Amino acid sequence: MSYLKLRNIGKRFGNVAAVSGLNLDVERGECVALLGPSGCGKTTTLRMVAGFEDIDEGEIEAGDRMLSSRKRNYYLPPEKRDFGMVFQAFAVWPHMTVYENVAFPLRIRKLPAVEIERRTREALTHTNLLKVADAHPDDLSGGGKQRVALARALAIQPDVMLLDEPLSSLDPHFREEMRFEIKDIQRRLGLSILYVTHDQSEAMALSDRILVMKNGVVQQVGSPTEVYYHPANRFVFGFIGLSSFLRASFSGGGIMVGDTPMPLAVAKDAPVELVGVGEAVLAVRPADVDFVAEGGLRGVVRRRAFLGELVDYQIAIGTQILRVQKSRHAVGPQLGENCGVTFANSHWYPYSMSD
């Protein structure tokens, strides 16, 4: 059942439409990641849900509560929405202990001392901070400071958590550790989460669904596997995961990638409606490319880089570059060698002058 509902949300700053016609339902206990490049409108959307920005169009509801409605000229201020929020900056108070940082918003609400104690200890327990409750934030690592911010948001016992790139300032080790801790907390407490990020790996690891935005407009909403394997358009394909785009042309019943002929067996996924348009774009992910000894689309290895478990190749197909990644155990061509490639999975998109 939908808990958080965004209906036809719009926001403008001067002549710029930051968000247009956004619709989203978030279930209880569901994590939805808002994913997109800088300036796409994801943080503005989060701020409208939090109440830090009022909406110019549409309505926002949580359960049976109206939060914002342009039609009804209604706006509920942030402090009355009771949403937990965690920002990119740790925003912890260095002069307070970990315990006092977490208890502070409860004291502001003038809750009874016994209730403050209970909620604070529960939040510290959920975030594995109880053993350092008497320490100061400066005694903790970056991951520890972010746990304090998370515990402080949990202490108010919100139905919805709003997270705005909370892990981007952490080093890779702590970032990976924290993303799984956040997911574990969400599952244990049944929280609904809106999670803003431009990091696709975070979105894939944390979310039940991903909302991909571009220029304030929703491009696709779906599960991580749906968005990855069935992208709605070229933008989504290029933004989710590594990708290569090869310009191809159709003529005389054949297909050319630049000046290189593509065997029809390699182009088996080319949709019929594109074959007659003259030019198209072949999109493929590095993991979906296989090397073949004979046949295939021919190219030359321009780069071969060892990345630990993977070997990363750049294959020149005429003047265009195809990215390939294979297991370090797989036999592959050497630098400068000619090779053939086939595609386990590919997508085709219409060519435009902006490509």
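Hydrogens, waters and symmetry mates are skipped; everything else that's a heavy atom, side chains included, is used. Small disclaimer: the values here were computed from a predicted structure and weren't measured.
- Ring pair F291/Y313 is perpendicular by interplanar angle, where above 60° counts as perpendicular and below 30° as parallel.
- Applying the 6.0 Å contact sphere to NE2 of H136 captures more than 12 heavy atoms from other residues, nucleotides or ligands.
- Under 4.0 Å is where a charged nitrogen must lie from a carboxylate oxygen, and between K326 and D290 at least one such pair does.
- Salt-bridge formation is detected for the pair R147/E177: a Lys NZ or Arg NE/NH1/NH2 atom is positioned less than 4.0 Å from an Asp or Glu carboxylate oxygen.
- The line from OH of Y99 to CG of L130 is 10.0 Å long, rounded to the nearest 0.5 Å.
- Partners of R81 according to the side-chain hydrogen bond (donor to acceptor under 3.5 Å, both in side chains) rule, which considers only residues two or more places apart in sequence or in another chain, are S68.
- Taking a 6.0 Å sphere around CG of D138, one finds it holds more than 12 heavy atoms contributed by other residues, nucleotides or ligands.
- Sorted pairs that involve residues 12-49 and meet ring-ring contact (aromatic ring centres under 6.0 Å, His included), not counting sequence neighbours, are lacking altogether.
- Here D199 contributes atom CG and E165 contributes atom CD; the two are 8.5 Å apart, rounded to the nearest 0.5 Å.
- Checked against side-chain contact (heavy atoms from CB on, under 4.5 Å), P105 has the following partners two or more places apart in sequence or in another chain: R109, R152, I156.
- In this structure, the separation between CG on L4 and CG on L194 is 5.5 Å, given to the nearest 0.5 Å.
- For Q320, the CD atom counts as densely surrounded, since its 6.0 Å shell holds more than 12 non-hydrogen atoms of other residues, nucleotides or ligands.
- Around the OH atom of Y229, the shell of radius 6.0 Å holds no more than 12 heavy atoms that belong to other residues, nucleotides or ligands.
- A salt bridge does not link E61 to R7: none of the charged nitrogens lies less than 4.0 Å from a carboxylate oxygen.
- Residue R298 qualifies as enclosed at atom CZ: its count of foreign heavy atoms under 6.0 Å is above 12.
- Counting non-hydrogen atoms of neighbouring residues, nucleotides and ligands closer than 6.0 angstrom, the CZ atom of R118 exceeds 12 such neighbours.
- Atom CD in E57 sits 7.0 Å away from atom OG in S20 (nearest 0.5 Å).
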